[in-house]
Amino acid sequence: MKKIIIIDGGPRKNQNTAQLLQRLAEGAKSASADVEVKTFRLYDLEYRGCMSCMACKLKGKASNICRFNDSLTPILEEIARADGLVLGSPIYFGEVTGQMRAFLERLVFPWLSYNDYSLTAPKRMPVVLVETMNGTPERNNSNGFGSMDYCLTSALGEPQRIVAYNTCQVAHYDSYELGGFSEEAKRAWRDAHWEEDLQKAFEAGRQMAGQ
Ligand SMILES: Cc1cc2nc3c(=O)[nH]c(=O)nc-3n(C[C@H](O)[C@H](O)[C@H](O)COP(=O)(O)O)c2cc1C
């Protein structure tokens with residue numbers, strides 16, 4: 001049985017990022033009955049970023065899975081054995097959310113060798129990175145997964161990237177101080193692109209499960 005792990009790094013349970021990840025999970029399940037898809041929502045968990053305990057670098061006991069014990073521990077262990085990894089985040093101030101960044105510190109630091117600066121995960125696997133944002137393809141401030149993109153690519157393999165631009169942040173723009181956005185323009189963008197974004201996510205899931 002193949003196992004795909006989805007990490008949802010956004011706080012909203014049923015908005016843009018979560019919907020894309022949900023559709024990706026549906027795509028994976030549609031490919032085969034022999035696939036288990038598990039979604040973890042980082043905002044539901046109590047955990048820290050890297051504590052710099054250096055336990056993963058101890059001579060004779062070095063580990064490429066984080067040794068700091070909290071609610072992320074079983075998830076990091078599952079990822080080490082998984083057959084596919086999906087990371088999704090809204091873009092906040094040009095980056096993935098703080099929760100996603102803290103998670104990535106815990107995932108990636110144990111992969112990094114301070115002997116030769118190589119990056120070695122317990123296992124290479126297909127990866128999909130999902131970003132959602134207000135920005136458009138022409139005008140955005142997203143640095144995406146930033147320096148973590150290189151680490152993930154190096155240790156796991158070249159990711160497939162899905163970016164949903166110009167998402168609707170609220171259902172009724174009139175009820176908020178959001179004068180910089182036109183609800184009409186947002187809706188027009190959504191009508192033109194959202195189904196396609198969802199379809200890309202579905203296909204990415206189907207492909208990952210088939211790999
Ligand atoms: C705190 C915060 C910061 C944000 N910063 C950016 C940003 O820098 N660039 C951008 O394009 N969108 C930004 N956004 C918009 C979100 O990325 C966008 O609405 C996203 O699709 C929300 O995902 P969700 O619907 O899954 O919560 C920000 C939203 C919040 C709440």
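Numbering of ligands and ligand atoms starts at 1, following listing order. Start at 1 with the first residue, then count along the sequence. Everything numeric here is computed off the predicted structure, so don't read it as measured data.
- Classification of Glu77 and Arg81 as a salt-bridged pair fails, no side-chain N sitting under 4.0 Å from a carboxylate O.
- One finds no salt bridge joining Glu184 and Arg187 here, because no Lys/Arg side-chain nitrogen approaches an Asp/Glu carboxylate oxygen to under 4.0 Å.
- When hydrophobic residues (I, L, V, M, F, W, Y) are linked wherever their side-chain heavy atoms come within less than 4.5 Å, the members clustered with Tyr43 are Tyr92, Phe93.
- In this structure, Pro74 has no side-chain contact (heavy atoms from CB on, under 4.5 Å) partners at least two apart in sequence or on a different chain.
- Screening Arg124, Lys3, Lys123 for a salt bridge (Lys or Arg N to Asp or Glu O under 4.0 Å) involving Asp83 leaves a single residue, Lys123.
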Table please: side-chain donor-acceptor pairs of residues 50-61 below 3.5 Å, with sequence neighbours left out.
residue: Lys57; atom: NZ; partner: Phe109; partner atom: O; Å: 2.7
residue: Lys57; atom: NZ; partner: Leu112; partner atom: O; Å: 2.9

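- Protein residues with a heavy atom under 4.0 Å from ligand 1 are Arg12, Gln15, Asn16, Thr17, Pro90, Ile91, Tyr92, Phe93, Gly94, Thr132, Met133, Asn134, Gly135, Asn141, Thr167, Gln169.
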